[in-house]
Peer 1: 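Here's a structure for you.
Proteins get letters first, then strands, A, B, ... in listed order; numbering begins at 1 in each.
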Amino acid sequence: DAGITQSPRHKVTETGTPVTLRCHQTENHRYMYWYRQDPGHGLRLIHYSYGVKDTDKGEVSDGYSVSRSKTEDFLLTLESATSSQTSVYFCAISGDNQPQHFGDGTRLSIL
Amino acid sequence: AQSVTQLGSHVSVSEGALVLLRCNYSSSVPPYLFWYVQYPNQGLQLLLKYTSAATLVKGINGFEAEFKKSETSFHLTKPSAHMSDAAEYFCAVSYNQGGKLIFGQGTELSVKP
């Protein structure tokens, strides 16, 4: 949707393992975002990027890191996954003065 | 700090009835406001947006929302509900269109036949 691909779409892993989620866009948009969705909380911003190698923290950034080495890719890494990071993760993109468009999400379960 | 409150985590209406989903925001500056819809196992789709032009905003699928500054509200309405409207709806606020979004908790809309 809107040229955004998230991978993997589903993942089950164990506590303590590293996990990397990928967001790929074909729109050449400047801004990219990672959110997590949990019942009763809506979506909360984890990290965002406003250009290659330019990133900043969001509301719930503890335990997460990101990288953006190319315009089209924005990676979210959980260095050592915990059960509290079980969630659905959404990537979003936007251009200048444009609303955000979302990917289809990655369902991550940490056992 | 900006925040968004959606009144009612679950709303149920009959097919053909009025849909009213409530959203109130707090913002120290004029906000940009959005409504998104999420169907099961899908991402969020933009329904409509308020960007300081007309206060009554029309979106897709027959939805509209009215920005009321005096009430700090941006309620979503649709005159006649359809079964296909069953989904979760999120209100969100930002300082600009492409900026960080602050989401409400979401309202799940059920439509009864």
Peer 1: Please state whether the side chain, the backbone, both or neither of A:E59 comes within less than 4.5 Å of a heavy atom of chain B.
Peer 2: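 No part of it gets close to chain B.
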Peer 1: Does any N or O in the side chain of A:S49 come within less than 3.5 Å of the main-chain N or O of A:M32, such that one atom is a donor and the other an acceptor?
Peer 2: no
Peer 1: When you measure from the side chain of A:T20 to the backbone of A:T77, do you find a donor-acceptor pair of N or O atoms at a distance under 3.5 Å?
Peer 2: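 Answer holds: no.
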Peer 1: If I measure from the heavy atoms of chain B, does A:R9 come under 4.5 Å with its side chain, its backbone, both, or neither?
Peer 2: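 A:R9 touches chain B through side-chain heavy atoms alone.
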Peer 1: Which bit of A:R107 is near chain B, if near means a heavy-atom gap under 4.5 Å: side chain, backbone, both or neither?
Peer 2: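 Just its side chain gets close to chain B.
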Peer 1: Would you call A:R22-A:D73 a salt bridge at under 4.0 Å N-O?
Peer 2: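 Between A:D73 and A:R22 there is a salt bridge, with a charged N closer than 4.0 Å to a carboxylate O.
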Peer 1: Heavy-atom distances under 4.5 Å only: say whether A:L43 touches chain B with side chain, backbone, both or neither.
Peer 2: both
Peer 1: Looking at A:F102, A:F90, A:Y89, which one forms a ring-ring contact (aromatic ring centres under 6.0 Å, His included) with A:Y35?
Peer 2: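 Only one of A:F102, A:F90, A:Y89 forms a ring-ring contact (aromatic ring centres under 6.0 Å, His included) with A:Y35, namely A:F102.
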Peer 1: Tell me, for B:Q6 versus chain A, whether the close heavy atoms (under 4.5 Å) come from the side chain, the backbone, both or neither.
Peer 2: neither
Peer 1: Do you see a donor-acceptor pair shorter than 3.5 Å between the side chains of B:T5 and B:N24?
Peer 2: no
